[in-house]
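The structure under discussion appears below in the form of structure tokens.
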Amino acid sequence: PPMPLHKGPEKRDERPMSVNPFYGAADPVGGMTEAPPKHRLPDAPLPPSTAYQLVHDELMLDGNSRLNLATFVTTWMEPQAGVLMGECRDKNMIDKDEYPRTAELERRCVAMLADLWNAPDPSSAVGCSTTGSSEACMLAGMALKRRWMRRNADRYPGARPNLVMGINVQVCWDKFCNFWEVEPRLVPMEGERFHLDPQAAAELCDENTIGVVGILGSTFDGSYEPIAELCAALDAVQERTGLDVPVHVDGASGGMVAPFLDEDLEWDFRLPRVASINSSGHKYGLVYPGVGWALWRDKAALPDDLVFYVNYLGGDMPTFALNFSRPGAQVVAQYYTFLRLGREGYRAVQQSTRDVATSLASRIEALGDFRLLTRGDQLPVFALTTADHVTAYDVFDVSRRLREGGWLVPAYTFPANREDLSVLRIVCRNGFSHDLADLFLDDLTRLLPELRRQPHPLTRDKGAATGFHH
């Protein structure tokens, strides 16, 4: 979800934080004399143990990240990864000259992904790490727009560029179109199709289309969009009209799942029309937030005038980023995880997660109160809604009641043309084991008799019912 914009406090003189007497190391009373304010810098310093405990205690009210079934982001890593990240937290990724080995690990990760995603010549593929998939999508979109501008130098800036995608895209694509003044052309949902239709996407393309975005793993329901069929539809457009429309694959989640579990699925650089791919290292790449990756099939796919060159060991190193300073820890953790697991390890981890998802989906379906929209057999993610005969409660009631046990399960309404459909979505990640899934199902089963006795659904403001918004 997007980072909220914060406002100042509503009241001027809010009560300061209270300090436990025991925090005053030598003098319990002395520890209470200077309770720090909440919304301005305190006048005097605090002992480190006191400051730690104040912050620690407030954070206890956050949700338990391991019980958060809304997030795609990794919530568990091995202790050794945590140690490595701690050792690298003071290294600034942008300082390639000062931290050449960190830069080398980033370069190796790009090479590994180029090979994993079947670049025609992995040595000529170009790529970079980012703060996450949102930044990676911005970079890929900028490359698409700049290539279109070059091809249409005689018509731009008069002509207005557009980007074709399904209405189910993640919000970063709406941001890209807004920030870079590109018209979004959205394919709506229809019936039981909850993602992009290749033919409908092709029909929206014209001479101003900078590209089409295909999603490998929709955040709405976990389904893969048909990338190969999309490329075939655009091949037909080129045969008919001469328009050569490139495809960007947003593999935020699926880019780290399909290569291991769906090896025969053609979605990546095996398809000549795929110009670029992004993925989130911090999702199914199995790394703590935030690291993403953007790769282009070759140098021609990334216009050179977007690339900046920094001095690196006496030479020039190309960089392409919106962000500047950021820690090297996440990139190091990605390299550690690639090294630690290898292909077989990733396959085992992702298969285990998919097994948990498909098993839990089937057992929820067997309860009789829910209808599955997806089954967790693509991304280990599935969406469900209440069955037609259920009138006493809705998905928003279920989401609210599950919070009583600490489970965070988003409920939300689908976009056009399925605004009539409200769903729950469950994201299974490494660390959400069969045992935790059993406990989740126990809690859900225990709630059902009470929910069935409700006179009617109790959620009035469905917009505010969940913190999850695309």
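The residues of the chain are indexed from 1 along the displayed sequence.
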What do you reckon, is CD of E183 surrounded by more than 12 foreign heavy atoms closer than 6.0 Å?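 Correct, the count exceeds 12.
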Determine whether more than 12 heavy atoms belonging to other residues, nucleotides or ligands lie under 6.0 Å from atom CZ of R89. no
Residues [X] and [Y]: side-chain donor-acceptor under 3.5 angstrom:
| X | Y | answer |
| --- | --- | --- |
| T74 | H282 | no |
| S325 | N92 | yes |
| R400 | T459 | yes |
| D262 | Y224 | yes |
| D369 | Y393 | yes |
| T358 | D377 | no |
| N208 | R155 | yes |
| D397 | Q454 | yes |

For a side chain to side chain contact (heavy atoms under 4.5 Å, CB included) with L439, tell me which candidate from L436, D435, L441 qualifies. L436
Could you check whether [X] pairs with [Y] (Lys NZ or Arg NE/NH1/NH2 to Asp/Glu carboxylate O, under 4.0 Å)?
| X | Y | result |
| --- | --- | --- |
| E344 | R347 | yes |
| E450 | R453 | no |
| D121 | R297 | no |
| R418 | E192 | yes |
| R146 | D304 | no |
| E365 | R375 | yes |
| E181 | K145 | no |
| D206 | R185 | yes |

Are the side chains of [X] and [Y] in touch, meaning some heavy atoms are under 4.5 Å apart?
| X | Y | answer |
| --- | --- | --- |
| V291 | T131 | no |
| C205 | V212 | yes |
| W293 | V110 | yes |
| L271 | V249 | no |

Within the distance-only criterion (no hydrogens, no angle test), does the side chain of [X] pair as donor or acceptor with the backbone N or O of [Y] below 3.5 angstrom?
| X | Y | result |
| --- | --- | --- |
| R425 | A70 | yes |
| S399 | V395 | no |
| T209 | G211 | no |
| Q330 | Y288 | no |
| R371 | L384 | no |
| T374 | D221 | yes |
| Q334 | C109 | no |
| E225 | L196 | yes |
| T385 | S422 | yes |

Would you check if the distance from the ring center of [X] to the ring center of [Y] is below 6.0 Å?
| X | Y | result |
| --- | --- | --- |
| F440 | W407 | yes |
| F260 | Y346 | yes |
| F269 | W296 | no |

Sort and list the pairs that fulfil side chain to side chain donor-acceptor pair (under 3.5 Å) and have at least one residue in residues 270-279, not counting sequence neighbours. S133-N278, D235-R273, Q238-R273, D244-R273, H248-S276, H248-N278, D250-N278, D268-R270
Could you give all pairs that pass the side chain to side chain donor-acceptor pair (under 3.5 Å) test and reach residues 107-117, with sequence neighbours left out? E104-R107, E104-R108, R108-Y335, D115-R343
Once you round to the nearest 0.5 Å, how far does [atom1] of [X] lie from [atom2] of [Y]?
| X | Y | atom1 | atom2 | answer |
| --- | --- | --- | --- | --- |
| M138 | W180 | CE | CH2 | 5.5 Å |
| F179 | M142 | CZ | CE | 12.5 Å |
| L444 | L424 | CG | CG | 8.5 Å |
| M256 | S280 | CE | OG | 8.0 Å |
| Q350 | Y284 | CD | OH | 8.0 Å |
| N168 | S218 | CG | OG | 4.0 Å |

Can you list the steps and then say if R401 with E404 is a salt bridge (charged side-chain N to carboxylate O under 4.0 Å, His left out)? CA-CA 6 Å; R401 292 298 308 274; E404 295 169 13; 2.7 Å; yes
Dump the intermediate steps for side chain to side chain contact (heavy atoms under 4.5 Å, CB included) on E266 and V274, then the final yes or no. CA-CA 11 Å; E266 291 199 344; V274 172; over 6 Å; no
Determine whether R326 and S129 satisfy the following criterion, side chain to side chain donor-acceptor pair (under 3.5 Å), listing intermediate values before the conclusion. CA-CA 11 Å; R326 60 188 171 94; S129 69; 2.5 Å; yes
Taking the six-membered ring for Trp, are F414 and Y412 parallel (under 30°), tilted (30 to 60°) or perpendicular (over 60°)?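 F414 and Y412: parallel rings.
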